[in-house]
Amino acid sequence: MTMKASINGRLYNTDTMTTLCGKPAYNNGNYCGETSIRKTRSGLYAVVVTSNGQNLYRESYIRAIDKDKIAEFIDGWQLDDGETSTLIAEGILTEA
């Protein structure tokens, strides 16, 4: 599903954004969408929330996020090796 949003005079387009990490969302055991951190081609970051309609309270949207806020936002997410490597390469996470 393509989503586009104008935020502070900049166009965020999910078709051209790179997904850095994601977390599926479930309602009553059924998949209902995903929350992801994505990066635009110009280097801006965004939280992208998608909904497939299984949860009446979940809406799809794009929200800009500052790079220095991402680590706090994703605190507690289960990341795979690829996501971890990507976030370290982006300077969002550091190895302990």
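These values consider heavy atoms only, across backbone and side chains, with no hydrogens, waters or symmetry-generated copies. Bear in mind that the values here come from a model prediction, so they are computed numbers and not experimental data.
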Between [X] and [Y], which heavy-atom pair has the shortest distance, and what is it?
X: Ile62; Y: Ile7; result: O-CD1, 3.7 Å
X: Ser60; Y: Met3; result: CB-SD, 3.6 Å
X: Tyr12; Y: Ala64; result: OH-CB, 3.6 Å
X: Met17; Y: Arg38; result: CE-CB, 3.7 Å

Hey, mind stepping through Ile88 and Thr94 against side-chain contact (heavy atoms from CB on, under 4.5 Å) and telling me if it holds? CA-CA 6 Å; Ile88 289 172; Thr94 58; over 6 Å; no
Could you check whether any side-chain N or O of [X] sits under 3.5 Å from a backbone N or O of [Y], counting only pairs where one atom can act as donor and the other as acceptor?
X: Tyr31; Y: Gly33; answer: yes
X: Asp80; Y: Glu83; answer: yes
X: Lys67; Y: Glu90; answer: yes

Does any non-hydrogen side-chain atom of [Y] lie less than 4.5 Å from one of [X]?
X: Ile74; Y: Leu87; answer: yes
X: Glu59; Y: Val49; answer: no
X: Leu93; Y: Leu79; answer: yes
X: Tyr45; Y: Ile92; answer: yes

[atom1]/[X] to [atom2]/[Y] distance, rounded to the nearest 0.5 angstrom?
X: Cys21; Y: Glu34; atom1: SG; atom2: CD; result: 9.0 Å
X: Leu20; Y: Lys39; atom1: CG; atom2: NZ; result: 7.0 Å
X: Ser51; Y: Tyr57; atom1: OG; atom2: OH; result: 13.0 Å

How about [X]: does its [atom1] atom have over 12 heavy atoms from other parts shown lying under 6.0 Å from it?
X: Asp15; atom1: CG; answer: yes
X: Asn8; atom1: CG; answer: no
X: Asp81; atom1: CG; answer: no

Decide yes or no on side-chain contact (heavy atoms from CB on, under 4.5 Å) for Arg58 and Thr35, but give the supporting numbers first. CA-CA 11 Å; Arg58 185 176 180 85; Thr35 300; 3.1 Å; yes
Can you hop from Ile37 to Tyr61 via hydrophobic side chains spaced under 4.5 Å? yes
Single-linkage hydrophobic cluster Val48~Ile65, side-chain heavy atoms < 4.5 angstrom: no
